[in-house]
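Heads up: the structure comes next, in structure tokens.
Just so we're on the same page: letters track the sequence lines, and every chain starts at 1. Below, each value reflects all heavy atoms present in this structure, side chains not excepted, and no hydrogens, waters or symmetry copies. Everything numeric in this text was worked out from a predicted model, so none of it was measured.
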Amino acid sequence: MQPITNKLLAWYDDHHRILPWRITPRDHKSGIVANPYRIWLSEIMLQQTTVEAVKPYFLSFIRKWPAVTDLAAASQDDVMRVWAGLGYYSRARNLKKCADIVAADFGGQFPADLARLKSLPGIGDYTAAAIASIAFGLPVAVVDGNVERVITRLYALSTPLPVAKPEIRQLMQVLTPGERPGDFAQAMMDLGATICTPKRPACVICPINGHCEALKTTDPEFFPVKAPKKAKPIRLGAAFIAISADGEVYLRGRAQTGLLGGMTEVPTTEWTSRIDGETGIDAAPFTAQWVPSGTITHIFTHFELRLTIYEARNVRKPAGGNGWWISVENLDNEALPTVMKKAIAAAIPDAFAKRRKEA
DNA sequence: GAGACGTGGAA
DNA sequence: TTTCCAAGTCT
């Protein structure tokens with residue numbers, strides 16, 4: 001075994017993080033096996049998402065759907081509602097698709113090989129390798145953002161990402177042991193998350209600082225090298241909060257694909273880059289006494305959205321329309337993404353009581 | 001290969 | 001306030 005691998009595994013035994021979806025090395029050694037469903041679920045949730053954000057959602061899902069067959073039996077809308085707030089909603093749509101396939105085509109068991117895992121919706125290179133190594137003990141290279149950072153520093157790779165990816169994968173494969181490959185992958189990720197951090201890494205306490213080329217020759221913080229980012233454009237629009245005399249809000253469903261696909265919204269105009277000050281009030285869902293009630297700003301990954309909020313109170317519910325009315329008290333049960341909650345809260349400040357998601 | 005795709009927390 | 005970014009995937 002590589003000296004680096006050995007040191008990292010020893011470090012992991014003593015310093016691993018305790019996480020709801022994780023089997024500790026001690027339990028692992030006493031014969032307890034990881035649950036592929038839980039590993040899969042956590043890996044999907046952790047894509048581009050912090051551990052702290054994932055924890056309550058993971059526990060909610062496990063409590064509501066203890067096995068992949070339970071998730072397959074759930075409705076798509078239920079899944080979107082429980083996922084609401086976690087972001088990147090295509091993950092939730094693919095999560096449901098994947099559960100359906102595993103239940104229907106794989107007898108409720110996740111396949112234990114890289115190729116078939118990767119063929120499933122929402123499972124790419126990283127997630128397939130993570131499930132294969134952590135849940136099934138296969139010695140495959142697991143490369144996520146943490147591993148990219150650790151490896152580029154360890155070997156002082158100055159090739160920018162994502163060009164350096166194949167080289168990183170190869171170097172990771174060499175380090176990955178035949179025994180405990182899952183623990184090794186998690187050790188690398190824990191190291192990246194707690195010691196080999198993007199800013200001000202704690203090299204003094206790093207278990208492999210004696211092997212780090214970047215630390216030896218320059219500054220680890222210079223790695224990984226990445227292409228510069230582009231400026232975010234600003235898009236404008238208006239949102240309409242209709243409140244009936246009996247205290248209900250008008251909502252409607254978004255298309256199943258694209259931004260916030262499959263989620264719930266309040267009616268809005270198109271979101272455009274126009275700066276002519278047009279309000280777009282023509283796009284109101286129905287005639288009412290629409291009154292401006294401020295603006296909200298929401299930052300998406302690739303643009304900034306500024307919405308003018310119009311509210312109308314004591315609205316007489318019009319017949320027809322493809323939306324629905326829901327009481328303010330029950331808004332928490334809707335699949336509302338954060339931007340829509342902000343829009344509603346602009347008109348109804350106490351619509352969403354500030355409470356932590358139950359753990 | 002580059003852009004679409006959310007959110008909240010930290011510096 | 002601004003910038004960065006956190007266990008990526010899909011097209």
Side-chain angles (χ1 to χ4, degrees), chain A residues 16-17 19-22 38-58 80 83-95 97-98 117-135 141-150 160-163 165-166 169 172 182 184-194 196-200 221 224 226-233 235 254-263 265 271 297-305 335-342 354 356-357:
Chain A
H16 65 85
R17 290 179 290 174
L19 301 171
W21 46 85
R22 179 177 279 180
R38 290 177 175 233
I39 300 301
W40 163 72
L41 178 62
S42 68
E43 291 301 343
I44 300 296
M45 289 182 164
L46 286 162
Q47 291 168 5
Q48 297 291 287
T49 308
T50 57
V51 164
E52 288 309 310
V54 164
K55 281 179 181 173
Y57 284 87
F58 175 81
M80 301 313 285
W83 191 281
L86 196 55
Y88 282 138
Y89 299 99
S90 69
R91 293 185 297 172
R93 301 195 296 272
N94 284 330
L95 188 81
K97 283 185 199 167
C98 183
L117 283 168
K118 246 192 87 170
S119 75
L120 292 166
I123 299 183
D125 285 330
Y126 162 74
T127 305
I131 296 172
S133 74
I134 298 170
V142 177
V143 180
D144 74 329
N146 290 304
V147 173
E148 287 174 351
R149 190 167 55 254
V150 173
L161 287 172
V163 180
K165 196 104 176 213
R169 182 182 312 283
M172 181 64 176
F184 177 72
Q186 294 176 96
M188 286 285 280
M189 294 191 278
D190 274 18
L191 187 78
T194 63
C196 197
T197 50
K199 303 286 171 60
R200 303 185 55 114
E221 208 171 304
K226 291 181 180 175
K229 301 193 168 146
K230 295 179 179 171
K232 272 186 214 292
R235 293 189 197 172
R254 291 179 64 85
Q256 287 299 318
T257 57
L259 186 69
L260 308 177
M263 301 295 284
E265 67 172 7
W271 303 345
T297 295
H298 189 77
I299 314 292
F300 289 95
T301 305
H302 52 297
F303 66 93
E304 174 179 332
L305 177 65
L336 289 165
T338 298
V339 60
M340 295 301 163
K341 288 189 175 182
K342 278 191 196 174
K354 292 201 175 179
R356 282 270 164 216
K357 204 170 174 86

message = Reading DNA chain C from 5' onward, which residue's closest nucleotide shows up sooner: A:Gly122 or A:Ala130?
response =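 It is A:Ala130, whose closest nucleotide lies nearer the 5' terminus.
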ask   = Between A:Asn94 and A:Ala193, who's closer to the 5' end of DNA chain C by nearest nucleotide?
value =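 Whichever sits nearer the 5' end wins; that is A:Ala193.
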key: Close side-chain approach of A:Trp21 to A:Leu46, heavy-atom, < 4.5 Å   =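 Heavy-atom side-chain distance check passes, below 4.5 Å.
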Answer yes or no: does a side-chain N or O of [X] lie under 4.0 Å from OP1 or OP2 of [N]?
{"X": "A:Thr127", "N": "C:dT9", "value": "yes"}
{"X": "A:His298", "N": "B:dG6", "value": "no"}
{"X": "A:His302", "N": "B:dC5", "value": "yes"}
{"X": "A:Tyr88", "N": "C:dA6", "value": "no"}
{"X": "A:Gln48", "N": "C:dA6", "value": "no"}

Provide, to the nearest angstrom, the distance between the [atom1] atom belonging to [X] and the [atom2] atom belonging to [N].
{"X": "A:Leu305", "N": "B:dT7", "atom1": "CG", "atom2": "P", "result": "11 Å"}
{"X": "A:Lys55", "N": "B:dG9", "atom1": "NZ", "atom2": "P", "result": "14 Å"}
{"X": "A:Trp21", "N": "C:dA7", "atom1": "CH2", "atom2": "P", "result": "12 Å"}
{"X": "A:Asp144", "N": "C:dT9", "atom1": "CG", "atom2": "P", "result": "10 Å"}
{"X": "A:Leu46", "N": "B:dT7", "atom1": "CG", "atom2": "C1'", "result": "14 Å"}
{"X": "A:Arg91", "N": "C:dA6", "atom1": "CZ", "atom2": "P", "result": "15 Å"}
{"X": "A:Leu86", "N": "B:dC5", "atom1": "CG", "atom2": "C1'", "result": "13 Å"}
{"X": "A:Arg254", "N": "B:dG6", "atom1": "CZ", "atom2": "C1'", "result": "12 Å"}

Between [options], which nucleotide has the shortest distance from any of its atoms to the side chain of [X]?
{"X": "A:Pro337", "options": "B:dT7, C:dA7, C:dT9", "result": "B:dT7"}
{"X": "A:Arg22", "options": "C:dA7, C:dG8, B:dT7", "result": "C:dA7"}
{"X": "A:Lys230", "options": "C:dT9, C:dA6, B:dA2", "result": "B:dA2"}

Main-chain N/O of [Y] paired with [X] side-chain donor or acceptor, under 3.5 Å:
{"X": "A:Thr49", "Y": "A:Gln47", "value": "yes"}
{"X": "A:Ser42", "Y": "A:Ile39", "value": "yes"}
{"X": "A:Arg93", "Y": "A:Gln256", "value": "yes"}
{"X": "A:Asp190", "Y": "A:Arg17", "value": "yes"}

Give [X] one of three labels, base, sugar-phosphate or nothing, depending on what nucleic acid heavy atoms sit under 4.0 Å from its own.
{"X": "A:Gly85", "answer": "sugar-phosphate"}
{"X": "A:Pro162", "answer": "nothing"}
{"X": "A:Ile123", "answer": "sugar-phosphate"}
{"X": "A:Ile44", "answer": "nothing"}
{"X": "A:Val51", "answer": "base"}
{"X": "A:Ser42", "answer": "nothing"}

request  = Please assess A:Phe300 against A:His302 for the test ring pair (Phe, Tyr, Trp, His ring centres under 6.0 Å), listing each intermediate value before the final yes or no.
outcome  = CA-CA 6 Å; A:Phe300 289 95; A:His302 52 297; 7.2 Å; no
Looking only at atom [atom1], what distance separates [N] and [M], rounded to whole Å?
{"N": "C:dA6", "M": "B:dC5", "atom1": "P", "answer": "22 Å"}
{"N": "C:dA7", "M": "B:dG3", "atom1": "P", "answer": "23 Å"}
{"N": "C:dT3", "M": "B:dG6", "atom1": "P", "answer": "22 Å"}

Quick test of your reading of the model: are [X] and [Y] salt-bridged, counting only N-O distances below 4.0 Å?
{"X": "A:Glu304", "Y": "A:Lys232", "value": "no"}
{"X": "A:Arg149", "Y": "A:Asp144", "value": "no"}
{"X": "A:Lys165", "Y": "A:Glu148", "value": "yes"}

key: 5'-most by nearest nucleotide on DNA chain B - A:Arg200 or A:Thr338   =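 The residue mapped nearer the 5' terminus is A:Thr338.
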Under 3.5 Å, N/O pairs linking protein and nucleotides 1-5 of chain C:
{"from": "C:dC5", "atom 1": "OP2", "to": "A:Lys229", "atom 2": "NZ", "distance (Å)": "2.7"}

